[in-house]
Amino acid sequence: LVFLKQLQKDLEEVKELLTKATRKRVRDVLMTEKHKLELEIKNQPPPKLKDVAEEEKLSLGGYTVKINNYAWDQSDKFVKIYISLNGVQKLPSENVQVNFTERSFDLLVKNLNGKNYTMTFNNLMKPISVEGSSRKIKTDTVLVMCRKKREEKWDCLTQVEKESKEKEKASYDTSDPSEGLMNLLKKMYAEGDDEIKRTINKAWVESREKQSKGDIPMDI
């Protein structure tokens, strides 16, 4: 890619010299060189996508931050993703870029307070219209508008989120209610802070004490 740019600069200079040359012999030499450069540029292989991505990355400079926090809602026609970024409205419009595919989009915000911000959503819950999707820059917020291909409600934003919710629901949805409750308590204990763990431990001890006194059936 760098070599191609050098060839293009050489060609520009040869063309510039041609406009100033008056001697036939000099013009013939320059014309020959011009044709050689044009042919060499034409025969250059197209830049690889990776090279383009690397060049884009190099042009960014600074520190790149991955965005994890967002909010979303929907209307009949659009799924709307709200990303909070302080001062984003002060950037040039071209510094906020969103690329859409039928089942994904990625956001790149360049040079916001000396940092770059990225967010990628793959495996969207349902297909979107690339042409109908867009982004809007509001005060301290980027709004990504994904145009639904079909006007239907989305239960989740991504397929992964849906599968995670279904898996979580299945762990509580058992034929034995006490087993479902036990699974829920285990999850709360595993994910809770020290206060929640102390509360669950206390309730468990009190429950065992009541069972030993015969105040409640042992199978509860």
Original post:
Which residue pairs satisfy the salt bridge (Lys or Arg N to Asp or Glu O under 4.0 Å) criterion with at least one member in residues 69-94, sequence neighbours excluded?
Top reply: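 Qualifying pairs: none.
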[X]: which residues meet the side chain to side chain contact (heavy atoms under 4.5 Å, CB included) condition with it, sequence neighbours left out?
| X | result |
| --- | --- |
| Thr32 | Lys36 |
| Glu102 | Pro127, Lys149 |
| Thr120 | Asp106, Asn122 |
| Lys15 | Leu11, Lys34, Glu38 |

With a 4.5 Å heavy-atom cut-off, do [X] and [Y] have their side chains touching?
| X | Y | answer |
| --- | --- | --- |
| Arg147 | Ile128 | no |
| Val79 | Leu157 | yes |
| Ser84 | Asn69 | no |

**OP:** Identify the two heavy atoms, one from Leu91 and one from Val96, that lie closest to each other, and give their separation to 0.1 Å.
**Re:**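 Closest pair (atom of Leu91, atom of Val96, distance): CD1-CG2, 4.4 Å.
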**OP:** State, to 0.1 Å, how close Gly87 and Asp140 come at their nearest heavy-atom pair, and which atoms those are.
**Re:**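 Taking every non-hydrogen atom into account, N-OD1, 2.7 Å.
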Subject >> salt bridge (charged side-chain N to carboxylate O under 4.0 Å, His left out) against Lys9, all qualifying residues, sequence neighbours excluded >> reply: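 Counting only residues at least two positions away or on another chain, Lys9 forms no salt bridge (charged side-chain N to carboxylate O under 4.0 Å, His left out).
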**OP:** Just jot down the salt bridge (charged side-chain N to carboxylate O under 4.0 Å, His left out) partners of Glu13, sequence neighbours excluded, or say none.
**Re:**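 For Glu13 there are no salt bridge (charged side-chain N to carboxylate O under 4.0 Å, His left out) partners, ignoring immediate neighbours.
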Original post:
Measuring from Thr118:OG1 to Lys66:NZ, what's the distance to the nearest 0.5 Å?
Top reply: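 Spacing of OG1 (Thr118) from NZ (Lys66) equals 7.0 Å.
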Original post:
How long is the span from the CG atom in Leu85 to the CD1 atom in Ile67, to the nearest 0.5 Å?
Top reply: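 Leu85 atom CG to Ile67 atom CD1 measures 4.5 Å (nearest 0.5 Å).
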Original post:
Which of these, Gln74, Lys126, Met125, sits in a side chain to side chain contact (heavy atoms under 4.5 Å, CB included) with Lys148?
Top reply: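 Testing Lys148 for a side chain to side chain contact (heavy atoms under 4.5 Å, CB included) against Gln74, Lys126, Met125 leaves exactly one candidate, Gln74.
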Using atom types as modelled, flag every donor-acceptor pair under 3.5 Å from a side chain in residues 16-30 to any protein atom, sequence neighbours excluded.
| from | atom 1 | to | atom 2 | distance (Å) |
| --- | --- | --- | --- | --- |
| Thr19 | OG1 | Glu16 | O | 2.5 |
| Lys24 | NZ | Asp28 | OD2 | 2.9 |
| Arg27 | NH1 | Leu18 | O | 2.8 |

Original post:
What pairs of residues pass the ring-ring contact (aromatic ring centres under 6.0 Å, His included) test when at least one of them lies in residues 65-98, not counting sequence neighbours?
Top reply: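 For residues 65-98: Tyr70-Phe121.
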Original post:
Can you pull the ring-ring contact (aromatic ring centres under 6.0 Å, His included) pairs that have at least one residue in residues 127-167, sequence neighbours excluded?
Top reply: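 Not a single pair qualifies under ring-ring contact (aromatic ring centres under 6.0 Å, His included).
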Subject >> side chain to side chain donor-acceptor pair (under 3.5 Å) contacts touching residues 127-139 (sequence neighbours left out) >> reply: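 Sorted pair list: Ser93-Arg135.
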Decide whether [X] and [Y] are clustered together by the hydrophobic rule: side chain heavy atoms of Ile, Leu, Val, Met, Phe, Trp, Tyr closer than 4.5 Å, transitively.
| X | Y | answer |
| --- | --- | --- |
| Val130 | Met145 | no |
| Val98 | Val109 | yes |
| Phe105 | Val65 | yes |

Subject >> Donor-acceptor contact present, side-chain Arg103 to main-chain Asn123, <3.5 Å >> reply: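 No: the side chain of Arg103 does not pair with the backbone of Asn123.
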**OP:** Decide yes or no on side chain to side chain contact (heavy atoms under 4.5 Å, CB included) for Tyr117 and Val142, but give the supporting numbers first.
**Re:** CA-CA 11 Å; Tyr117 295 84; Val142 176; over 6 Å; no
**OP:** Give the C-alpha distance, both sets of side-chain angles, the deciding distance and a yes or no for side chain to side chain contact (heavy atoms under 4.5 Å, CB included) between Leu112 and Asn95.
**Re:** CA-CA 9 Å; Leu112 175 60; Asn95 281 33; over 6 Å; no
Subject >> side-chain hydrogen bond (donor to acceptor under 3.5 Å, both in side chains) against Thr141, all qualifying residues, sequence neighbours excluded >> reply: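 Thr141: no side-chain hydrogen bond (donor to acceptor under 3.5 Å, both in side chains) contacts found.
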